[in-house]
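All of these numbers come straight from a predicted model, not from anything done at the bench. What you see below is based on every heavy atom in this structure, not just the backbone, and it leaves out hydrogens, waters and symmetry mates. Chain letters run A, B, ... following the sequence lines, proteins first, then strands; residues in each count from 1.
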Amino acid sequence: MSRTLKYVEAIREALDVSMAKDPTVYLMGLGVPDPKGIFGSTLGLADKYGPERVMDMPTAENGMTGIAVGSALVGMRPVMCHQRVDFALLAMEQIVNQAAKWHYMFAGKGRCPMVIRLIIGRGWGQGPQHSQSLQAWFAHVPGLKVVMPATPYDAKGLMVSAIEDDNPVIYLEHRWLHNTFGPVPEDIYRVPLGKARVVRPGKDITFAVVSHMLVEALQAADCLAQAGIDAEVVDIRSLRPIDEDTILGSVRKTGHLIVGDTGWKTGGFAGEIVALAAEQCFDRLKSPPQRLALADVPTPSTPALAKLCYPRAIDMVLAAGAALGKKDLVLPPEPSTPLDVPDSRFTGPF
Amino acid sequence: MSRTLKYVEAIREALDVSMAKDPTVYLMGLGVPDPKGIFGSTLGLADKYGPERVMDMPTAENGMTGIAVGSALVGMRPVMCHQRVDFALLAMEQIVNQAAKWHYMFAGKGRCPMVIRLIIGRGWGQGPQHSQSLQAWFAHVPGLKVVMPATPYDAKGLMVSAIEDDNPVIYLEHRWLHNTFGPVPEDIYRVPLGKARVVRPGKDITFAVVSHMLVEALQAADCLAQAGIDAEVVDIRSLRPIDEDTILGSVRKTGHLIVGDTGWKTGGFAGEIVALAAEQCFDRLKSPPQRLALADVPTPSTPALAKLCYPRAIDMVLAAGAALGKKDLVLPPEPSTPLDVPDSRFTGPF
Amino acid sequence: MVIHRMPTPELLRRLYLDMLRVRVVEERIAALYGEQEMRCPVHLSVGQEGVAAGVSAALAPEDYVLSGHRAHAHYIARGGNLRAMLAELYGRVTGCCEGKGGSMHLVDPSVGFIGAVPIVGSTIPIAVGTALASRMRGEKRVTIAYFGEGATEEGVYHEAMNYAVLRKLPVVFICENNFFSVYSPLSVRQPEGREVYRLAAGYGLETWKGDGNDAVAVQERAAAAVDKARAGGGPTFLELVTYRWREHCGPNYDNDIGYRTPAEFEEWKRRDPLPRLERRLLDEAIATRADLDAMATQVAAECEDAVAFAKKSPFPGEEKLREGVYA
Amino acid sequence: MVIHRMPTPELLRRLYLDMLRVRVVEERIAALYGEQEMRCPVHLSVGQEGVAAGVSAALAPEDYVLSGHRAHAHYIARGGNLRAMLAELYGRVTGCCEGKGGSMHLVDPSVGFIGAVPIVGSTIPIAVGTALASRMRGEKRVTIAYFGEGATEEGVYHEAMNYAVLRKLPVVFICENNFFSVYSPLSVRQPEGREVYRLAAGYGLETWKGDGNDAVAVQERAAAAVDKARAGGGPTFLELVTYRWREHCGPNYDNDIGYRTPAEFEEWKRRDPLPRLERRLLDEAIATRADLDAMATQVAAECEDAVAFAKKSPFPGEEKLREGVYA
Ligand SMILES: Cc1ncc(C[n+]2csc(CCOP(=O)(O)OP(=O)(O)O)c2C)c(N)n1
Ligand SMILES: Cc1ncc(C[n+]2csc(CCOP(=O)(O)OP(=O)(O)O)c2C)c(N)n1
Ligand SMILES: [Mg+2]
Ligand SMILES: [Mg+2]
């Protein structure tokens with residue numbers, strides 16, 4: 001039975017079913033049991049599972065990540081949460097040197113089954129230190145798995161898989177997806193790590209996107225359809241391991257590639273997709289692959305500048321037009337809500 | 001007047017001249033004034049400039065980086081050193097959230113002129129936590145400048161420029177370059193940040209490489225020359241800002257691109273170069289660009305496996321052959337020293 | 001060792017005025033926030049004015065100040081430009097960061113306010129670094145590092161404290177203990193009964209715990225610490241107990257959502273730092289009711305001026321986006 | 001509170017044997033290193049055997065141990081497989097990490113040696129995490145976190161200590177203070193006169209500073225701490241003063257290069273933990289000279305067996321390179 005749920009509710013359901021079935025699963029993070037419950041995603045769980053399994057913590061990201069790692073090495077399955085990717089910069093040592101490598105460097109004598117939820121901020125003036133989108137960093141590290149669910153369905157299914165996986169999984173949530181709705185089955189189900197999804201099949205051009213860029217890509221595809229262009233939208237979902245077959249299969253089919261990324265363009269994850277396509281689909285590419293990604297600046301706070309940083313549906317339409325040499329395009333309407341909020345219900349501050 | 005110097009001596013000379021001319025320049029790092037002097041690169045400087053300008057420090061990477069940042073914000077020019085990139089994972093918050101962004105986010109009301117020397121380990125069983133090569137991370141961050149000098153000449157010239165620059169500059173030194181020799185002018189001189197160098201002009205294929213891969217690329221180019229293939233070797237040197245003109249100019253000329261990187265392949269810096277070429281030289285590329293980079297595993301300690309991780313001249317020759325459809329290639333001779341040391345004088349342990 | 005000096009009337013008036021200015025500005029921000037024109041997170045200092053006023057009154061013009069996410073009071077009491085602050089909250093090009101920072105990034109080099117950033121704890125080592133620079137240059141400057149008790153849980157605090165003590169640097173650590181890190185109470189973060197200042201004392205520096213809502217006492221202790229630092233006596237750590245009245249982030253009250261009780265809040269409201277000093281000013285005839293009214297009028301005018309300035313200032317133009325990534 | 005018990009003869013013999021085993025293996029490594037067949041950095045524990053022997057003798061089989069770069073002694077005294085250790089140093093597939101780790105990554109889950117890694121301080125929170133897991137599962141295990149005094153400068157140490165005390169976790173912190181972090185003396189890293197154990201005491205846990213070269217005393221204190229932790233009494237911090245004899249990393253002596261004096265080294269050599277216990281064994285007739293000789297023979301044989309095993313073991317095949325990146 002599928003209901004319409006919010007993305008955060010889907011996460012909460014995944015945490016709930018996972019905790020119910022496996023007593024080694026526990027949650028930890030600053031604010032996890034507080035009245036806001038990580039934007040709603042952990043609400044009620046402290047009551048249900050008690051403070052020993054739904055834990056707050058000191059403001060100490062690196063140490064607490066190490067503590068979660070230690071518990072995982074001896075059989076627990078922590079789900080750690082840092083409310084912004086930016087804060088997790090403090091925990092890179094534990095994530096990259098330890099969690100990611102323990103299994104390999106000890107030849108399988110240690111394993112680190114844990115999930116690290118990291119939230120990507122955007123809008124309402126979050127500014128340079130609360131809206132970084134560092135998936136490129138994590139996707140570069142052998143030993144980490146990295147997912148960026150874009151829909152409530154995937155939020156639940158990927159969380160269940162991430163918790164069940166025996167490796168450290170970086171689970172990146174975009175703040176602007178938290179309140180999006182979508183169908184979510186009641187029962188437990190899994191979305192496999194390492195699989196992309198063709199969200200909208202098409203034959204003319206490939207949009208390969210991550211996270212919130214899926215919202216933009218689908219809108220762009222609708223506009224393109226009105227101009228007779230049939231775009232295929234591939235939600236990459238899993239950045240490491242990456243589903244080359246699905247992504248490159250689409251590129252081989254369409255011959256045109258536009259990558260949509262929430263992170264900075266230079267040295268970013270979009271470049272990896274373009275590089276894969278250039279290396280492996282060289283003969284099938286009919287136009288230069290393009291990257292639409294975050295502007296290469298520390299994202300400013302003021303809406304006047306922040307709005308210029310984020311690629312939108314209109315940019316995707318124009319990029320597709322350029323790739324296909326099409327001039328008569330249908331552009332998406334200007335959004336009715338300000339560009340620094342995901343929807344009109346959002347009134348700040350975080 | 002130019003002499004032959006070792007890479008570490010070139011660094012020391014750059015530090016020396018910079019300190020002599022500017023009293024705000026100071027050095028800080030664990031072991032900087034110790035008898036080993038950061039592999040020789042700081043030897044004698046404590047005697048010359050005193051302990052107030054050549055400082056040891058507690059084993060506290062993040063805090064000490066922050067302290068260096070603070071001093072830079074009010075006018076000092078620290079040259080911080082962490083003996084392995086891997087240790088700097090502890091300092092990512094200060095480097096990325098603070099040093100990189102201060103100038104932009106305060107609209108120019110703060111600036112952070114500092115150099116962060118990070119050493120990339122390799123060989124002699126350094127293993128998974130002492131040989132990461134994370135340039136891709138730094139090159140992704142707006143506000144940082146990133147250089148990887150590959151020769152003694154550039155080591156000195158880029159260090160002088162890095163110290164004089166008003167921004168945080170990540171200066172990545174490969175341990176295997178430390179004892180290489182080359183001509184170094186006695187006087188002060190600068191190698192500009194942001195400029196690549198065509199080390200060996202050629203017309204048939206482009207090798208765009210960083211750091212120690214230059215050594216491999218030059219050897220490969222020699223072999224290719226013997227088979228009548230004229231390879232152009234471009235030392236990228238500056239990863240951010242990147243010299244697109246020089247690199248892509250070469251690609252446009254040759255139509256073939258092989259990128260040599262010391263970091264992991266997936267999500268790595270090589271992908272950025274390939275992506276740039278695919279986007280901007282699409283019509284000029286005659287073969288799929290290729291990446292030769294570190295194997296996508298935590299680099300193992302044992303020489304038996306470590307040797308499989310590092311791309312070598314022979315791989316570059318073969319890749320070039322594949323790109324150009326050439327079969328009768330001259331391969332480089334098997335090296336006479338073991339593959340886990342840079343030269344026969346190296347007997348461990350670090 | 002603190003020699004108790006009678007505070008001068010000027011000092012008392014100044015402390016009051018500074019607190020009042022913070023209070024009025026913060027309350028005005030809270031009132032205006034619902035207009036949705038200040039489109040950035042705000043961490044208000046209402047209730048915590050005593051610390052900022054007391055510390056600021058202990059400083060010399062050349063001293064440096066660094067702070068964190070809850071920096072409005074520190075900036076205002078230090079004499080940071082009010083128009084530039086409000087314009088920053090409104091995202092305007094006339095803001096202290098030309099709109100690039102928002103409320104969580106305040107700066108005013110003209111008064112030594114080096115910067116405030118919202119990564120908890122991160123400016124503590126940065127403050128120590130500015131003190132190191134002062135020492136290296138033989139200057140007599142002192143640096144103030146403001147942070148909350150939550151920041152003392154960050155490793156970087158420990159690293160910075162150790163170094164400041166090791167090198168006897170001219171820095172004064174001001175820890176505002178308001179019992180919460182967002183909505184997380186001290187009980188889930190620090191062992192019961194282990195006082196923040198006592199842990200700090202272990203580093204080998206002078207510490208003091210006091211009432212952050214007593215601006216006069218804060219000034220006295222801060223002045224002693226600053227003087228000591230300036231004289232080469234090294235760092236001091238002050239734990240100042242206080243309470244934030246409004247929600248962690250944003251303009252509202254949130255005593256109803258369950259992480260603390262309305263009774264606790266009411267108790268702290270009774271300890272409001274302002275009426276306390278107001279009584280003293282009146283009792284000791286340092287100010288008349290008319291003087292106080294004049295101050296209120298003055299501050300209200302300053303505040304309205306700043307708001308008006310901000311509201312009529314232009315947003316940054318598109319050319320600002322790529323400007324200044326590098327110096 | 002420690003109740004002094006007379007150590008049993010078995011315990012004294014065990015302590016001696018464990019120290020001897022560490023000493024013999026480490027010296028053998030030093031002797032063989034020049035052959036250039038152990039191609040990885042080694043941080044030898046010669047001189048520091050007292051700590052490892054004393055602590056290990058205080059543990060139950062189910063307890064966990066974590067360590068850092070200088071982990072040989074901890075691994076050996078805990079009963080880690082010696083063949084697997086030597087093979088690891090030789091980079092062979094029979095090594096405890098199949099050669100992937102080298103000397104700086106030792107592991108033996110069969111004796112609860114969860115792992116050692118060379119990033120200074122990083123296993124301290126990891127150790128606290130294993131203790132948290134024990135607590136969550138209601139187990140009676142205790143975790144030992146071994147680290148050097150240099151590691152106490154890392155922020156993560158502070159974060160881990162705070163949490164261990166907050167949650168009263170069953171972990172014992174063993175700090176080997178050998179005065180140096182690589183070649184950097186304490187004077188450039190920590191304020192003079194501020195004792196490591198005193199700073200630790202500020203966290204609110206029991207601490208003790210003692211002679212790390214007195215294995216008997218170490219065992220007694222460690223046993224008290226372990227018992228306390230096992231009984232739910234929370235963490236303890238032991239600072240054990242000792243000295244590394246050989247260079248920071250590698251097989252040689254380096255008292256000539258200038259960071260410490262040969263005289264200082266000689267002084268510490270006189271405090272060698274082994275002869276001290278040897279005298280006691282003989283004096284109290286707990287062992288005869290012949291017993292000691294037999295132990296020496298036994299340990300030498302074990303060592304040679306391990307070396308021989310390592311040397312004749314194969315290197316990992318190429319298929320191992322990509323194996324195990326993910327579980
Ligand atoms: C490194 C980091 N972790 C977490 C946060 C989220 N955060 C923002 S403010 C805050 C509260 C910190 O508490 P405290 O230092 O006591 O300051 P207060 O808000 O009470 O003034 C937290 C945890 C952050 N900004 N930075
Ligand atoms: C985070 C980090 N910083 C620096 C180093 C380099 N390093 C290796 S061992 C060592 C010494 C640490 O001193 P201590 O903890 O006292 O241990 P000891 O070597 O004295 O046993 C250092 C600094 C490292 N491995 N990790
Ligand atoms: Mg607080
Ligand atoms: Mg030591």
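Proximity to chain A (any heavy atom under 4.5 Å) is shown, for B:Val259, by neither the backbone nor the side chain. Only the side chain of B:Asn62 comes within less than 4.5 Å of a heavy atom of chain A; its backbone N, CA, C and O stay farther away. For B:Arg291, the parts lying under 4.5 angstrom from a heavy atom of chain A are both the backbone and the side chain. The contact between B:Ser287 and chain A is made entirely by backbone atoms, counting heavy-atom distances below 4.5 Å. Heavy atoms closer than 4.5 Å to chain A are found nowhere in B:Leu239, neither backbone nor side chain. With a 4.5 Å cut-off on non-hydrogen atoms, A:Ile242 does not touch chain B at all. Within the 4.5 angstrom heavy-atom criterion, atoms from both the backbone and the side chain of B:Glu279 approach chain A.
When all heavy atoms of A:Val141 and B:Trp137 are compared, the closest pair comes out as CG2-CZ2, 3.9 Å. Nearest heavy-atom pair, B:Ala278 versus A:Ala278, reported as atom, atom and distance to 0.1 Å: CB-CB, 3.8 Å. Residues A:Met92 and B:Leu89 approach most closely at CB-O, 3.7 Å, considering heavy atoms. Heavy atoms only, all atoms of each residue included: B:Gln129 and A:Asn97 are closest at NE2-O, 2.9 Å. When every heavy atom of A:His140 is checked against every heavy atom of B:Gly268, the shortest pair comes out as CE1-CA, 3.3 Å. When all heavy atoms are compared, the tightest approach of B:Pro300 to A:Tyr104 is CG-OH, 3.7 Å.
For the set B:Ile273, B:Thr266, B:Val274, B:Val297, the entry with the most heavy-atom pairs within less than 4.5 Å of chain A is B:Thr266. Interface check for chain A: of the options B:Asp283, B:Ile95, B:Asp86, B:Leu134, the most heavy-atom pairs under 4.5 Å are formed by B:Asp86. Chain A forms the most heavy-atom pairs under 4.5 Å with one residue out of B:Pro289, B:Ala139, B:Ala295, B:Gly271, and that residue is B:Pro289. Per-residue heavy-atom pair counts under 4.5 Å with chain B were compared for A:Met105, A:Gln280, A:Gln290, and the maximum is reached by A:Met105.
Residue A:Arg284 places its CZ atom among 12 or fewer non-hydrogen atoms of other residues, nucleotides or ligands, all under 6.0 Å distant. No more than 12 heavy-atom neighbours from other residues, nucleotides or ligands sit within 6.0 angstrom of NZ on B:Lys195.
Counting heavy atoms from C-beta outward, A:Thr299 and B:Lys101 have side chains that stay 4.5 Å or more apart. Looking at A:Val96 and B:Gln132, their side chains come closer than 4.5 Å, going by heavy atoms from C-beta outward.
For the atom pair CG (A:Leu276) and NZ (B:Lys265), the distance works out to 8.0 Å, reported to the nearest 0.5 Å.
With hydrogens and angles ignored, the 3.5 Å screen pairs a side-chain donor or acceptor of B:Glu272 with a backbone N or O of A:Gly267.
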